[in-house]
Amino acid sequence: MGKINVLDRNVAELIAAGEVIERPASIVKELLENAIDAGSTAVTVEIRRGGISYIRVTDNGSGILPEDVPAAFLRHATSKLRLSDDLNFISTLGFRGEALASIAAVSRLELTSKTREHPFGTAILLEGGEQVSLSEAGCPDGTTIQVRDLFYNVPARLKFLRRDQSEANTVGGVVDRLALSHPEISFKFLSDHKLRLHTPGDGKLLSAIHAVFGGDFSSALLPVDYGCGGVSVKGYTSSASSSRANRSMEHFFVNSRYIRSKLCAAALEEGYKNSLMTGKYPFCVLNVELPFEQVDVNVHPAKTEVRFADGGAVTNAVYFAVKSALSQEDVLRAAREEAGRAQRIPNLLSKFKSQEAEQSRIPLSPRPSSGEERPYAAAPASRPVILRDRQAEPLREEPPVPPSAPEEAEEEYQFIRPAPPPPPAPAAPEPPHPPERLREKGITFVPEPPAVPEEAASPEEPPLEVRVIGEAFRTYVIFEAEGTLFLLDKHAAHERLLFERLKRSVATDQRQILLKPAVVHVSPEENQALEEHRSLLEGMGFVYEEFGNNALIVREVPLVLAECDPAELLLDTAGKLIAGKRDVSSDAYERLLHSMACRSAIKAGDETSLEELAELLRMVYANGEIRHCPHGRPVAAALTKREIEKLFGRIQ
């Protein structure tokens, strides 16, 4: 019995209008999707003159039964759907049953197909949608479709095609995306007898990425494997040190189907926020996997637009997947992991017999030849600093520790036990550099959370011991840890620390009543987004009411943004709500915090004591977010011992 059946009229009417075959790429996309649905492991695409004169797609899939071949070219004839309920669980790339009929109507089409159970295959020839011949044929298992003379009977559409090379590039893009979504299939693409693409089909996504985009692209990628809320995200995304000038290399797939999704793009870029320079965008190949009933692909004829039953779950999954991947690039955390591995085997740290010894010994400068003790302030920049993963505290000047009698000597260094720390003050410390101009603007600060006691540190995550070497050009902190030399931009690091603290500390619920309420005209989509998130916006400081047809009247705005245009602020926030962004703070608010943090941060060229540098380093290490300044510039750079030795020719 045949597998292809003509859908009932009531089922066919539930399917979105079929896509018009407008160019060769449309044909290649439909034929490749059919080949993938047929279980193929190898597919070959060959075109000539950009696909206008010749297209051939060959696969080794399941083939078509002889009795099904004529029915395959009828409208709404498909083997992938039977009932209307099947539209809620679409697991195949194709499902409408219109592709072959549409292609045959505008070309000369020849199909040969054979199943594994039949000794002979079937060949059919159609011109302009009319069947010319149908016969048995000798052919290998699978299906081969040849399309010649595209639009020979529709000259009005033929004249709108682009140059042959442009059409060939568009076809190549279709093949590339399907190769990325199905790395288990070997794709071969030939254009005018030249091999343009050949993927190995080994099931490894990185192999497909390397074949499609090349080694430079694949070498700048970080693996992604994350799941939450019933949604998983797998694939690769670019490192924070790599970016592009546009979004053209952002590739998203849902259940291995290529899609264009503003929601996913917004979540991706939100994950890179403050990690990339302004005007730069990440690149990625990400596949979002979720139950088929949670996504509607029957939205647009091209099947590249989808609707999610729970867009918030998808946004969170993509956002946290990207953040998790970027944490792998953290050079400071990598040093800590190396320290953890080193502590599990005999190493230089074994000379410290106890945690107390680690915290009590501070190497000072070499003993002076005159016998006089040097003051604490003259200590060299090479003393070690124990860093622990605890809540960052503001920079502060430490009182000098008076010298005491030597406790013990080791080689040419003298060790002393520092004075016991003073009891904790009841009041929270002031934030660094608290300018009066911030308080004049009505900005207040909240106390920092208490620091986590050092003894509460997890034994599986040992502290990282570093040696602060000093400072270069009064700008870059130089320190060493576990065979790696680091440079820390003190201005960028302190600026990001202050920026994050301001975001937490500024009382956004303080409002300014407008003397003259502002009327804002919004679109229906913006109005709906603002209404659905009214409580969120009121918490930020916005107070507004309905004011006629698709208009709002704004009566109060956040205090820190009182000088900005209320209409611009509200529309900017509405746009971010529609895009599904997690942080809906207006751009004006972000710019204000950037400016305040930049003005208050340590400047390049400022004199900074060793204690301040060590404290800054500790705060940066404790907060995994402090890896880029608010403008996207990197905060730290690393140079391993191996790289240094290779630089000086010690190793090859």
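Computation of the quantities below employed the complete heavy-atom set of this structure, encompassing side-chain atoms and omitting hydrogens, waters and symmetry-equivalent molecules.
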Would a distance-only check, ignoring hydrogens and angles, find a side-chain to backbone donor-acceptor pair under 3.5 Å from [X] to [Y]?
X: Thr170; Y: Ser166; value: yes
X: Asp59; Y: Gly142; value: no
X: Ser324; Y: Ala321; value: no
X: Tyr226; Y: Tyr319; value: no
X: Asn287; Y: Leu180; value: no
X: Thr122; Y: Glu136; value: no
X: Ser191; Y: Ala168; value: no
X: Gln294; Y: Pro291; value: no
X: Lys114; Y: His118; value: yes

Exactly one candidate in Gln146, Arg48, Arg49 meets side-chain hydrogen bond (donor to acceptor under 3.5 Å, both in side chains) with Tyr54; the answer is Gln146
Does [X] reach the side chain of [Y], with side-chain heavy atoms less than 4.5 Å apart?
X: Ser207; Y: Thr199; answer: no
X: Cys284; Y: Phe252; answer: yes
X: Leu65; Y: Glu67; answer: yes
X: Val224; Y: Val322; answer: no
X: Arg148; Y: Ser107; answer: no
X: Cys139; Y: Thr144; answer: no
X: Phe217; Y: Met249; answer: yes
X: Pro140; Y: Thr58; answer: no

Show your reasoning for whether side-chain contact (heavy atoms from CB on, under 4.5 Å) applies to Ile103 and Ile145.
-> CA-CA 11 Å; Ile103 296 170; Ile145 298 180; over 6 Å; no
Determine the minimum heavy-atom distance between [X] and [Y], stating which atoms define it.
X: Leu276; Y: Ser242; result: CD2-O, 4.0 Å
X: Thr143; Y: Gly63; result: OG1-CA, 3.7 Å
X: Ala35; Y: Ser40; result: O-OG, 2.7 Å
X: Leu326; Y: Ala240; result: CD2-N, 4.0 Å
X: Asn255; Y: Glu289; result: OD1-CA, 3.4 Å
X: Pro183; Y: Ala208; result: CB-CB, 4.1 Å

Any side-chain donor paired with an acceptor under 3.5 Å for Thr41 and Asn60?
-> yes
Around atom [atom1] of [X], are there more than 12 heavy atoms from other residues, nucleotides or ligands closer than 6.0 Å?
X: Lys323; atom1: NZ; answer: yes
X: Glu525; atom1: CD; answer: no
X: Glu130; atom1: CD; answer: no

Among Phe283, Phe213, Tyr236, which residue meets the ring-ring contact (aromatic ring centres under 6.0 Å, His included) test with His251?
-> Phe213
According to the side-chain hydrogen bond (donor to acceptor under 3.5 Å, both in side chains) rule, which pairs have a member within residues 210-225, sequence neighbours left out?
-> none
Test side-chain contact (heavy atoms from CB on, under 4.5 Å) applied to Arg23 and Arg162, step by step = CA-CA 9 Å; Arg23 60 193 314 178; Arg162 299 180 182 177; 3.9 Å; yes
Audit row: Ser243, Tyr272, side chain to side chain donor-acceptor pair (under 3.5 Å) steps and yes/no = CA-CA 10 Å; Ser243 61; Tyr272 282 86; over 6 Å; no
How many angstroms lie between atom [atom1] of [X] and atom [atom2] of [Y], to the nearest 0.5 angstrom?
X: Arg260; Y: Glu250; atom1: CZ; atom2: CD; value: 13.0 Å
X: Leu74; Y: Leu100; atom1: CG; atom2: CG; value: 10.5 Å
X: Lys641; Y: Ile651; atom1: NZ; atom2: CD1; value: 9.5 Å
X: Glu270; Y: Asn316; atom1: CD; atom2: CG; value: 11.0 Å
X: Leu109; Y: Asp149; atom1: CG; atom2: CG; value: 11.5 Å
X: Ser256; Y: Leu178; atom1: OG; atom2: CG; value: 10.5 Å

Please test Gln165 against Asn169 for side chain to side chain donor-acceptor pair (under 3.5 Å), starting from the C-alpha separation and ending with a verdict.
-> CA-CA 6 Å; Gln165 187 60 44; Asn169 291 338; 3.1 Å; yes
Check against side-chain contact (heavy atoms from CB on, under 4.5 Å), Phe189 and Val171 = CA-CA 9 Å; Phe189 174 47; Val171 172; 3.8 Å; yes
Residue pair Arg627, Ser275: steps toward the side-chain contact (heavy atoms from CB on, under 4.5 Å) verdict = CA-CA 8 Å; Arg627 297 299 177 262; Ser275 295; over 6 Å; no
